[in-house]
*Asks:* 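After the structure tokens below, expect a handful of questions from me.
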There are 2 protein chains.
Amino acid sequence: MTTRIVELRQGILKKNDELARSLRQNFTAAGVLVLNLVSSPGTGKTAFLERTLRDLRARGSRVAALVGDLETDNDARRLAASGAPVRQINTHGICHLDAEMIEKHLTGWEGVELAGLDYLFIENVGNLVCPSSYDLGEKIRVALLSVTEGEDKPLKYPTLFNSADAAVITKMDIAEACRFDRELALRNINEIRPGIRIFETSSKTGAGMEDWLAYLEEQRAKRSS
Amino acid sequence: MTTRIVELRQGILKKNDELARSLRQNFTAAGVLVLNLVSSPGTGKTAFLERTLRDLRARGSRVAALVGDLETDNDARRLAASGAPVRQINTHGICHLDAEMIEKHLTGWEGVELAGLDYLFIENVGNLVCPSSYDLGEKIRVALLSVTEGEDKPLKYPTLFNSADAAVITKMDIAEACRFDRELALRNINEIRPGIRIFETSSKTGAGMEDWLAYLEEQRAKRSS
């Protein structure tokens, strides 16, 4: 039975990869930079994304977000407060987003055209394991890690960090209360993914957001040049 | 392909349930109380378990632990500091433990006999989704949630909380720094699983541990009566 499952899983991933490739071509053609945000539940993806959407809008950028959860549309409602168009994807028991869900939710999204966007953010289901295997057609995969989670997460979930283009440390405002060992966390991230860009942020105080926004703009500029 | 996957998944779960049932019979016959600890990565399962093992040993109980992780034996090494026998299960990419892994790691565990134990703790892989579907033969499933994760986790991951026998809130020592809304968290847990026993704990200060240990002893007494 294990062999059959492995074969089926490979088939599903292959099909997903093909669809993701075609999505990526569409994103490139439309000139929209797509990011896939992955972390454990409770890392603060939604708070970080809410702040990112608000800050980018304040700079005149056109942004939108797809947000994945097993159940509830709490996150979409929170993110909509930023003023950006947001669409919830409920996976009903599936522990990750896949390319097909993205394609489906891009279709018929009222008032949103890919070509009219500068950035599209995809907030994945809170899970450090399965989302790593599913390409969503994104240009940039972002692994988030909060100061409360333990500095060894990159070593324990190497696939995610190894497939990420950028790492964001969240909740820096409570780093001291959590006795967060910054040097150790940075060392562990770098051990799994040497040279990866790391942002140390707080959605509460705004710390680190300037660097993060500059990175986003730099990545967009790279695309259009 | 989806139908085939669903059928295969049902087959796997059915096989797992059968093995779990036989494990549960063995556990009951041996007179050992088995607990399955499930939470997000970074909730503090290992710190909580380390303290539980140490405190139970100090009271004269015979305890052991199996600990699941995708990679590394960091957690087994941390838990071994309690003096209890601990065995690491590396799942190498699988996002949950299953009954077969438990059976395999109980076999040939040097110096450990089920009949010689009062408690066996199983620390699952950090994941709020898939571990909910896999019965490990445990008597008590414990869902852990830290004050840093957001009070809406029970609503967003209902299957785990709905299948749990007890809920443990961890890191209460930093509740204030995280602006943890205690009433809301308790209400959300109770909405998904009315009347579930809830423990508010801190592995750092020891808060709530007395209640938790009393619960464990009460559950053991119930079994042998």
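Hydrogens, waters and symmetry mates play no part in the numbers below; they use all other heavy atoms, side chains included. Keep in mind that what you see is a predicted model, and the values were worked out from it rather than measured. In what follows, chains are A, B, ... by sequence order, proteins preceding strands, each numbered from 1.
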*Asks:* Could you tell me the separation between the CG atom of A:Leu155 and the CG atom of B:Leu70, rounded to the nearest 0.5 Å?
*Replies:* 12.5 Å
*Asks:* Examine distances only and state if a side-chain atom of A:Lys171 and a backbone atom of B:Thr148 form a donor-acceptor pair shorter than 3.5 Å.
*Replies:* yes
*Asks:* Specify which of B:Gly150, B:Ser132, B:Ser133, B:Cys95 makes the most heavy-atom pairs with chain A at under 4.5 Å.
*Replies:* B:Cys95
*Asks:* So which heavy atom on B:Lys156 is nearest to which on A:Thr72, and how close?
*Replies:*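 Taking B:Lys156 first and A:Thr72 second, the nearest heavy atoms are CG-OG1, 3.6 Å.
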*Asks:* Need one label for A:Cys130: side chain, backbone, both or neither, based on atoms under 4.5 Å from any heavy atom in chain B.
*Replies:*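 Only the side chain of A:Cys130 comes within 4.5 Å of chain B.
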*Asks:* With chain B as the partner, which of A:Thr159, A:Asp75, A:Asp173, A:Asn90 has the greatest number of non-hydrogen pairs under 4.5 Å?
*Replies:* A:Asp75
*Asks:* Which bit of B:Lys153 is near chain A, if near means a heavy-atom gap under 4.5 Å: side chain, backbone, both or neither?
*Replies:*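 Contact with chain A: side chain only.
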*Asks:* Let me know if B:Ile174 has heavy atoms under 4.5 Å from chain A in its side chain, its backbone, both or neither.
*Replies:*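 The side chain, not the backbone.
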*Asks:* For A:Val129 and B:Gly93, which heavy atoms make the closest approach, and how far apart are they?
*Replies:*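 So the minimum-distance heavy-atom pair works out to CG1-O, 3.9 Å.
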*Asks:* Report yes or no: does A:Ser40 contribute a side-chain atom to a donor-acceptor pair with the main-chain N or O of B:Pro41 at less than 3.5 Å?
*Replies:* yes
*Asks:* To the nearest 0.5 Å, what is the distance between CG on A:Asp152 and OG1 on B:Thr46?
*Replies:* 8.0 Å
*Asks:* At their closest point, which heavy atom of A:Cys178 faces which heavy atom of B:Lys204, and how far apart are they?
*Replies:* O-NZ, 4.3 Å
